[in-house]
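Worksheet for the structure shown next.
Note: hydrogens, waters and symmetry copies are ignored here, and every other heavy atom, side chains too, is used. It should be emphasised that the depicted structure is a prediction, and the values quoted were computed from it without experimental measurement.
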Amino acid sequence: MGRDTIADIITSIRNADMDRKRVVRIASTNITENIVKILLREGFIENARKHQENSKSFLVLTLRHRRNRQKPYRKRNVLNLKRISRPGLRIYSNYQRIPRILGGMGVVILSTSRGIITDREARLERIGGEILCYIW
């Protein structure tokens, strides 16, 4: 059985955000690097840098906190990430049926023939693909 690296990074980022951690370290693969580039471009994380340790490489992400750190945990201020397509059940969509998250405020990340892109880019290029995750 293989590991689901996309679900691992989503869970790591979600747990770090809920625990109010500033920095999170995730394994570096081509897919995770492309997803992190999208998160960085969309403003969900502040910074990302590659770190080499022995023969393994990691991505060190600096999370963007949109809430006051003194207040107790509240559900509505948390960065929400949800894995959609998974190894046991792949979910595909054409460009016309790509869902809009929060009326376009959220981001859908897709894996297409032109690489990993957001829902807005897929609609502009008129291509569909596998829906990897939702972010809002």
Side-chain angles (χ1 to χ4, degrees):
M1 301 222 352
R3 291 181 45 148
D4 188 7
T5 57
I6 298 171
D8 290 344
I9 67 161
I10 286 173
T11 303
S12 297
I13 293 170
R14 186 185 319 117
N15 289 343
D17 186 61
M18 284 174 40
D19 202 27
R20 295 186 178 132
K21 302 266 184 185
R22 186 87 175 137
V23 176
V24 65
R25 191 173 95 163
I26 60 173
S28 176
T29 64
N30 288 336
I31 294 173
T32 57
E33 287 179 17
N34 290 330
I35 291 174
V36 166
K37 285 178 189 175
I38 290 174
L39 291 173
L40 192 60
R41 190 174 61 227
E42 295 290 327
F44 290 106
I45 59 175
E46 278 185 23
N47 191 12
R49 58 187 164 86
K50 201 166 191 174
H51 180 70
Q52 187 90 14
E53 206 172 275
N54 296 331
S55 64
K56 297 182 179 181
S57 59
F58 298 96
L59 290 172
V60 179
L61 308 178
T62 306
L63 300 180
R64 180 180 307 267
H65 289 286
R66 296 171 289 175
R67 60 184 175 274
N68 191 350
R69 293 183 67 90
Q70 283 77 27
K71 292 183 181 176
Y73 169 77
R74 283 191 278 178
K75 181 72 175 163
R76 64 189 162 139
N77 290 331
V78 176
L79 174 64
N80 293 302
L81 295 107
K82 184 176 180 184
R83 177 80 158 118
I84 303 302
S85 185
R86 50 192 171 88
L89 178 65
R90 302 288 186 184
I91 307 294
Y92 297 95
S93 176
N94 63 8
Y95 76 95
Q96 296 164 332
R97 295 185 186 259
I98 297 172
R100 294 185 191 273
I101 306 302
L102 292 178
M105 296 295 291
V107 177
V108 178
I109 297 180
L110 296 121
S111 176
T112 66
S113 59
R114 296 188 187 153
I116 296 177
I117 60 175
T118 64
D119 57 335
R120 288 180 221 110
E121 295 168 351
R123 285 189 194 96
L124 286 175
E125 295 182 19
R126 302 183 85 159
I127 56 173
E130 180 184 353
I131 299 175
L132 297 178
C133 60
Y134 298 157
I135 304 165
W136 71 97

Are Glu42 and Arg64 ion-paired here, with the side-chain N under 4.0 Å from a carboxylate O? no
For a side-chain contact (heavy atoms from CB on, under 4.5 Å) with Phe44, tell me which candidate from Leu39, Val36, Leu61 qualifies. Leu39
The residue among Val107, Val108, Asn80, Leu79 that forms side-chain contact (heavy atoms from CB on, under 4.5 Å) with Trp136 is Asn80
Would you check, one step at a time, whether the test side-chain contact (heavy atoms from CB on, under 4.5 Å) holds for Glu121 with Leu124? CA-CA 5 Å; Glu121 295 168 351; Leu124 286 175; 5.7 Å; no
Hey, any chance Tyr134 and Tyr92 share a hydrophobic cluster, counting ILVMFWY side chains that come within less than 4.5 Å of each other, even indirectly? no
Leu63-Leu40 co-clustered via ILVMFWY side chain contacts under 4.5 Å: yes
Check salt bridge (Lys or Arg N to Asp or Glu O under 4.0 Å) between Arg114 and all other residues, then give those that pass, not counting sequence neighbours. Glu125
The criterion is salt bridge (Lys or Arg N to Asp or Glu O under 4.0 Å); which residues satisfy it with Arg83, sequence neighbours excluded? Asp4
When clusters are formed from ILVMFWY side-chain contacts under 4.5 Å, directly or step by step, what else is grouped with Ile117? Ile127
Could you give the distance from [atom1] ([X]) to [atom2] ([Y]), rounded to the nearest 0.5 Å?
| X | Y | atom1 | atom2 | answer |
| --- | --- | --- | --- | --- |
| His51 | Ile26 | NE2 | CD1 | 13.5 Å |
| Ile116 | Ile35 | CD1 | CD1 | 5.0 Å |
| Leu59 | Ile45 | CG | CD1 | 8.5 Å |
| Glu33 | Ile38 | CD | CD1 | 12.5 Å |
| Leu81 | Ile109 | CG | CD1 | 8.0 Å |
| Arg100 | Arg120 | CZ | CZ | 9.5 Å |

Of all heavy-atom pairs between [X] and [Y], which one has the smallest distance, and what is that distance?
| X | Y | answer |
| --- | --- | --- |
| Ile98 | Ser93 | N-OG, 3.4 Å |
| Thr112 | Gly128 | CG2-O, 3.4 Å |
| Asp119 | Gly106 | OD2-O, 4.4 Å |
| Leu110 | Gly129 | CD2-O, 4.0 Å |

Would a distance-only check, ignoring hydrogens and angles, find a side-chain to backbone donor-acceptor pair under 3.5 Å from Thr32 to Ala27? yes
